[in-house]
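Here's the structure, in structure tokens; my notes come after.
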Amino acid sequence: MNILLIGSGGREHALAWKLSQSSNCSKLYCAPGNAGIEAQAQCVPIEVSEIDKIVDFAMEKSIDLVVVGPENPLVDGLADKLSEANIGVFGPSASAAKLEGSKGFMKDLCAKYGVKTAKYGRFKNIELAKKFIEETGAPIVVKTDGLAAGKGVIICETTNQAIDTASDMLSGAAFGTAGKEIVIEEFLEGEEVSFFALSDGKTILPLTSAQDHKRVGEGDTGLNTGGMGAYSPAHFMNDDLEQQIIKDVIEPTIKGMASEGCPFIGVLFAGLMVKDGKAILLEHNIRFGDPECQAIMMRLQGDLVEILYAAAQGRLDEVRGKISWSDDTALCVVMAANGYPASYKKNKQIKGIDEANAVEGAYVFHAGTAKDNNDNIISVGGRVLGVTAIGADIATAQKRAYKAVDKIYWSEGFCRRDIGWRALKALS
Ligand code: AMP
Ligand code: GLY
């Protein structure tokens with residue numbers, strides 16, 4: 001099969017790495033890709049937002065399956081355009097992508113189909129928002145309805161902060177049109193976990209769990225980021241919790257989407273809060289998480305092309321037995337440019353990646369990298385590398401990942417040294 005992967009991050013490098021191992025993959029392209037993805041795919045200079053160019057390219061190269069990494073092109077209708085052109089696509093239609101593209105849509109759908117989420121209100125008007133905030137009390141969470149590159153969720157410690165935040169969002173000052181409508185919800189306590197499941201619109205194929213580290217600083221402090229590291233599986237995941245997540249969250253969501261006339265095809269990534277052994281949904285995403293995907297792909301045993309193609313074709317029930325998970329733990333440490341998630345420098349040379357790849361169980365997935373004119377690897381983004389390793393337990397995976405990190409020479413980069421700390425603390 002000819003496959004086209006869309007995206008340029010660590011998630012996409014991990015997908016390219018796994019897709020390229022399939023005997024069903026004859027040619028893999030990636031748009032736009034990065035310097036690491038070049039090892040597995042032919043990178044083509046088309047941006048993820050250039051929907052018409054992607055469709056034209058897929059037709060020209062007789063692509064059988066397009067695998068879409070990021071959410072934005074899906075929300076903007078990439079899967080619909082590809083389907084109209086009779087090109088196989090793994091990823092939801094624009095109407096199904098609203099599960100992530102509109103937090104209000106997601107909350108209303110969950111309320112209608114019995115998925116438990118935090119108590120909430122949807123607002124376009126500051127006076128009504130203010131009343132809801134005062135009635136609910138703090139801490140309280142204010143969210144943009146639309147996509148805001150992972151930055152549109154603000155946890156407010158006081159009602160005054162929440163009112164100011166809501167006001168800045170609704171005026172358009174803080175997040176432009178993404179914040180013209182907002183969701184305000186009660187603050188939930190507990191431990192966070194990500195759970196992933198594939199769907200072809202009707203059948204569900206549960207995947208596995210992971211835990212992300214969203215804050216920039218060690219001990220989970222400082223600013224929120226896209227993710228500074230992850231490991232899979234989550235240390236407290238067990239069969240009971242997994243079954244509860246599938247029954248209470250994944251199944252009613254997939255059924256609800258089908259009933260609403262927008263069947264969900266793709267990977268559903270549920271962000272959950274677990275308390276007293278039960279999970280409540282924080283949010284749905286319509287794609288793999290990054291860095292979670294990097295850890296997950298290392299544990300996946302099976303043919304990723306076959307599985308994603310079956311999902312795209314509505315035949316997920318046929319591949320149910322064809323996927324399994326290593327019992328080992330995989331752990332990803334993100335190396336980011338100094339200053340991230342605020343401003344940072346680009347075009348700095350990185351060395352030592354081959355040496356890092358030689359560490360037992362380790363592989364360096366690239367995110368914001370490119371090659372300069374002399375073929376040196378340089379940094380071109382905030383999150384730059386996902387140094388990932390697998391081992392018999394989390395301590396081994398962590399040791400290997402940091403051993404690989406220490407082989408990398410990049411004067412302008414940093415990483416958290418404590419990825420996996422919650423699991424290690426719970427086990428000690
Ligand atoms: P998001 O990027 O939309 O997944 O949300 C960012 C983070 O905000 C989540 O990973 C949680 O840590 C936090 N968060 C979102 N909603 C709530 C909530 N209702 N209660 C507590 N934390 C939340
Ligand atoms: N790691 C969180 C996300 O991909 O949204």
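- The closest donor-acceptor contact from the side chain of Tyr344 to the backbone of Gly382 lies under 3.5 Å.
- Counting only heavy atoms from C-beta outward, the side chains of Phe365 and Cys332 never approach each other to under 4.5 Å.
- Across all non-hydrogen atoms, the minimal contact from Lys81 to Ile51 is CG-CG2, 3.9 Å.
- Contact between Ala279 and Ile245 at its shortest, heavy atoms only, is CB-CG1, 3.7 Å.
- For the residue pair Tyr402/Gln398, the side-chain donor-acceptor check at 3.5 Å is not satisfied.
- In this structure, Ile184 and Phe123 have side chains that are in contact, with non-hydrogen atoms separated by less than 4.5 Å.
- At least one donor-acceptor pair closer than 3.5 Å links the side chain of Asn34 to the backbone N or O of Ala367.
- With a 4.5 Å cut-off on side-chain heavy atoms, Arg416 and Trp421 count as touching.
- Glu185 pairs with exactly one of Lys119, Lys103, Lys143 by the side-chain hydrogen bond (donor to acceptor under 3.5 Å, both in side chains) rule, that one being Lys143.
- Between Met257 and His284, the closest side-chain pair of non-hydrogen atoms is not below 4.5 Å.
- Checking Lys348 against Ser379 by side-chain atom types alone, no donor-acceptor pair falls below 3.5 Å.
- Looking at His13, its side chain does come within 3.5 Å of a backbone N or O of Gly36 through a donor-acceptor pair.
- Within the 4.5 Å cutoff, the side chain of Ser194 has heavy atoms near those of the Phe196 side chain.
- Looking at Gln211 and Glu191, their side chains do bring a donor and an acceptor atom within 3.5 Å of each other.
- A salt bridge links Arg287 with Glu100: the distance from a Lys NZ or Arg NE/NH1/NH2 to an Asp or Glu carboxylate oxygen falls below 4.0 Å.
- Under a 4.0 Å N-O distance rule, the pair Lys278/Asp248 does not qualify as a salt bridge.
- Remark: the Ser232 side chain and the Arg299 side chain contain an N/O donor-acceptor pair separated by less than 3.5 Å.
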Please list, one pair per line, the donor and acceptor atoms closer than 3.5 Å that link side chains of residues 56-70 to other protein atoms, with sequence neighbours excluded.
unit_1, atom_1, unit_2, atom_2, d
Asp64, OD2, Asn2, N, 2.7

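- Two residues are said to be in side-chain contact when any heavy atoms from C-beta on lie closer than 4.5 Å; Gln294 and Met297 fail this criterion.
- Val405 is listed as a side-chain neighbour of Arg417, based on a closest heavy-atom distance under 4.5 Å.
- In this structure, Asp168 contributes its side chain and Ala173 its backbone to no donor-acceptor pair below 3.5 Å.
- Closest heavy-atom contact between Phe90 and Ala312: N-CB, 4.2 Å.
- One N or O on the side chain of Thr221 and one on the backbone of Glu218 form a donor-acceptor pair closer than 3.5 Å.
- Side chains of Val89 and Ser83 form a contact here, defined as non-hydrogen atoms less than 4.5 Å apart.
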